[in-house]
2 protein chains.
Amino acid sequence: MDSINIKQLAEKLNLSTSTVSRAFRGHSDINKETKEKILAMARELNYQPNHMASNLRDKKSRTIAVIVPEIANNFFSRAINGIERVARDNGYHVQIYLTNDDFDREVAFISQLHNGRVDGIIMSVTGEANDHSYMHKFRKKSIPLVFFDRMYDDINASKVSTNDYDSSFAATKHLIDKGCTRIVYLVVNKNLSIGKMRMQGYKDALESAGLPFVENLVIDCSNELIHNIDILEGVFRVIKPDGVFASVERLAIASYYVCHNMNLKIGDDIKIICFSSLEIASLLNPPLSTITQPAYDMGVEAAKILFRQLGMIEERTGNNDENVSEQVVLQSDLVIRQSTLGLK
Amino acid sequence: MDSINIKQLAEKLNLSTSTVSRAFRGHSDINKETKEKILAMARELNYQPNHMASNLRDKKSRTIAVIVPEIANNFFSRAINGIERVARDNGYHVQIYLTNDDFDREVAFISQLHNGRVDGIIMSVTGEANDHSYMHKFRKKSIPLVFFDRMYDDINASKVSTNDYDSSFAATKHLIDKGCTRIVYLVVNKNLSIGKMRMQGYKDALESAGLPFVENLVIDCSNELIHNIDILEGVFRVIKPDGVFASVERLAIASYYVCHNMNLKIGDDIKIICFSSLEIASLLNPPLSTITQPAYDMGVEAAKILFRQLGMIEERTGNNDENVSEQVVLQSDLVIRQSTLGLK
DNA sequence: TTGTACGCGTTATCAC
DNA sequence: GTGATAACGCGTACAA
């Protein structure tokens, strides 16, 4: 431990620690020359104010937490990219927490983070239907929380989402327009509000086209590829759907594997569309039609809201009420490709 | 700010702060009953020891930094996944820093992190050929550093890599075996040691097959898809290679786009193979042959080394020298798919 | 313009 | 088994 502290630096300069401190904070008046001298010496000795100490003093960690289900996932990694960008611009640091869709871990993270370690939290929740009233306990504390994409409706916090209902409606309608009549809806977790919204869009699109909503066509899947392949093989064999609407990317991927295995021609025998952030959707065999969410922008928006609540950015309106929670809805893009078109 | 501190908690219990502190640290002897009473009250008042204060006291942040070029990237996001896993198991927190391949940012991060904010650093460097002697300055400090995948050879630190040379040799040999004679090598940054290793494997494989190494067949690319497409269109038109060895995934992706545009049949007209962590390589059109790196495991290894150096894990050997830097080499897998096979 | 002194919240050391 | 106290490193009110 050969790092130097403010006291030692002050001694070397024959100055008091307060003066040295001032040189870094820029605050109070300080002689231009002494300041330069201090900074020069600091550079030479490679001194930097200890953050733990500074943070303890002004009760700010200059750090935010990002809690997500997983990171090896196009959507979340891009969102984090956006968050990091904004955080860095504001001089903040970003801590990552992965729940792996484990509710207990989520609770543990949330609890641990309310001890001054971070100034705010951005999160996308696990899908567990458990009681999440535990969060209320923390909502009363001063640390702001922003949800993005996956959220708990019953928690009062700022939220960044996309127009899931409209997108789902449009995607389902697209399948119907292309001639599908037996469209399965693949979902991992029906309890998530986002899952509900997407399913509602699917339902309503069916209805408005005069097609019945059949409970059996809603397929519960998991996060395990192997498991999903099992499930879908059964579904494709028994139900013989002519359309697949996957609420998340990995379910479309599983569908592709199964179709390839079963020699089903995607686009012809069965049309597939899904929510996805896959940048190479057009390179798949066949190119995959997607509802593309603005993942990066969602991260940026979520972070901006958080920093606004942290007072780092001027309020959007003249309103200075820090407790107002913002709701932002971004638009997804429906990108039609071969998987829902078939042979041209 | 309605969070409570140890003093207030102590008052409410008619105890001293030391006793309360002990209840949490488990340390010294403490009456079972008082301890329980304290923990109960703590739970009720939702008290948690302030980490800034604890950290300041014992000079540990229980936090590590992960510096990577980007996160919206299969390889890095999986590696981070592995790192987070190990960190969490050790009760550590993970901070993410993205350089976006900007050398200045890398330097800035490294500098900022040496003020007690983190206890250790895991990083994959930018490709810049600049002078990185600045790192030496910090190497002397006590905070441990572990490189993974992309590293600076001249910096003495622990390193986790894969058998890049062997993989490259094998991949190139595979192309040659499949009949390729004009194989281009696509690279983003030739200055990286990893780039050099991979190119050497390519070179040596050519040589051992009696093929000449032609400087013109080494194509410098960038990180911009649009730009790479431009470059590759020219290359494919003028040089007319029958084989492509992409040193990173995104260059293979760009090649796919270009081949699709130019109506080149991948696998037949031109064979493509690359380093990649793409889980859906087999769903591409055509399925992409890859050298698959154990990204997750690399993250795990890097983190384990770091924690070993932090003294969190018992040393591997009986050797207690903390300054010994470890070198770990993991094996990549060569996975042959249609992109290098052509029509069966 | 600079120096002095205190407190941020915790925990280890020492005394009782 | 418990309480008082000092110190971690910094930043600011106050004094000079």
Side-chain angles (χ1 to χ4, degrees), chain A residues 1-39 41-42 45-63 112 114-119 141-143, chain B residues 1-39 41-42 45-63 112 114-119 141-143:
Chain A
M1 186 71 66
D2 59 349
S3 51
I4 201 174
N5 65 21
I6 197 173
K7 205 169 172 182
Q8 295 163 3
L9 181 59
E11 277 178 16
K12 283 224 202 298
L13 288 159
N14 269 331
L15 289 171
S16 76
T17 59
S18 22
T19 311
V20 174
S21 179
R22 274 187 273 261
F24 286 92
R25 293 327 219 68
H27 264 331
S28 323
D29 318 299
I30 178 174
N31 188 315
K32 196 89 180 175
E33 283 180 33
T34 34
K35 178 171 180 177
E36 306 240 319
K37 214 183 302 177
I38 293 172
L39 293 181
M41 181 66 88
L45 297 182
N46 199 19
Y47 165 80
Q48 292 180 256
N50 179 300
H51 264 277
M52 291 299 138
S54 312
N55 292 340
L56 174 59
R57 226 204 155 261
D58 52 12
K59 298 189 170 193
K60 273 198 177 183
S61 61
R62 297 210 145 255
T63 305
Q112 285 173 25
H114 285 264
N115 50 24
R117 182 177 277 283
V118 299
D119 296 343
K141 288 213 172 190
S142 58
I143 153 173
Chain B
M1 188 70 68
D2 59 347
S3 51
I4 201 174
N5 65 22
I6 198 173
K7 207 169 172 182
Q8 296 162 1
L9 181 59
E11 278 178 15
K12 282 224 201 302
L13 288 158
N14 269 330
L15 289 170
S16 74
T17 59
S18 358
T19 311
V20 175
S21 178
R22 272 188 275 258
F24 287 92
R25 293 327 219 67
H27 265 330
S28 324
D29 320 296
I30 177 174
N31 189 315
K32 196 92 179 173
E33 284 179 32
T34 34
K35 178 170 179 176
E36 305 240 321
K37 215 183 304 177
I38 292 172
L39 293 181
M41 181 65 88
L45 297 182
N46 199 19
Y47 164 79
Q48 291 181 256
N50 179 300
H51 263 276
M52 291 298 137
S54 309
N55 292 340
L56 174 60
R57 238 211 145 253
D58 53 12
K59 297 190 172 194
K60 272 199 179 181
S61 61
R62 296 210 148 256
T63 305
Q112 285 172 25
H114 285 263
N115 49 25
R117 182 178 278 282
V118 299
D119 296 343
K141 289 212 172 190
S142 58
I143 152 173

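A note on names: the letters A, B, ... follow the listed sequences, proteins ahead of strands, and every chain is numbered from 1. Hydrogens, waters and symmetry mates are skipped; everything else that's a heavy atom, side chains included, is used.
- When the side-chain nitrogen and oxygen atoms of B:K59 are compared with OP1 and OP2 of D:dA7, none of them lie within a distance under 4.0 Å.
- When heavy atoms are screened at a 4.0 angstrom cut-off, A:S21 is found touching base atoms of the nucleic acid.
- When all heavy atoms of B:I4 and B:L45 are compared, the pair lying nearest together is CD1-CD1, 3.5 Å.
- The phosphate of C:dG9 has OP1 or OP2 within less than 4.0 Å of a side-chain N or O from B:N5.
- Comparing A:T17 and A:K35 against DNA chain C, the residue whose closest nucleotide sits nearer the 5' end is A:K35.
- Here B:T19 reaches the OP1 or OP2 of D:dG3: one of its side-chain N or O atoms lies under 4.0 Å away.
- Between the side chain of B:R22 and the base of D:dG3, at least one donor-acceptor pair of N or O atoms lies under 3.5 Å.
- An OP1 or OP2 oxygen of D:dG11 is reached within less than 4.0 angstrom by a side-chain nitrogen or oxygen of A:S54.
- Looking at B:R117 and B:S61, their side chains never come closer than 4.5 Å, going by heavy atoms from C-beta outward.
- Between D:dG9 and A:Y47, no contact under 4.0 Å exists linking OP1 or OP2 to a side-chain N or O.
- The shortest side-chain heavy-atom distance between A:F24 and A:I6 does not fall under the 4.5 Å cut-off.
- Counted by atom type alone, B:S18 and B:S21 present zero donor-acceptor pairs between their side chains at under 3.5 Å.
- For D:dA4, its base sits under 3.5 Å from the side chain of B:S18 at one donor and acceptor pair at least.
- In terms of phosphate contacts, A:R57 brings no side-chain nitrogen or oxygen within less than 4.0 Å of OP1 or OP2 of D:dT12.
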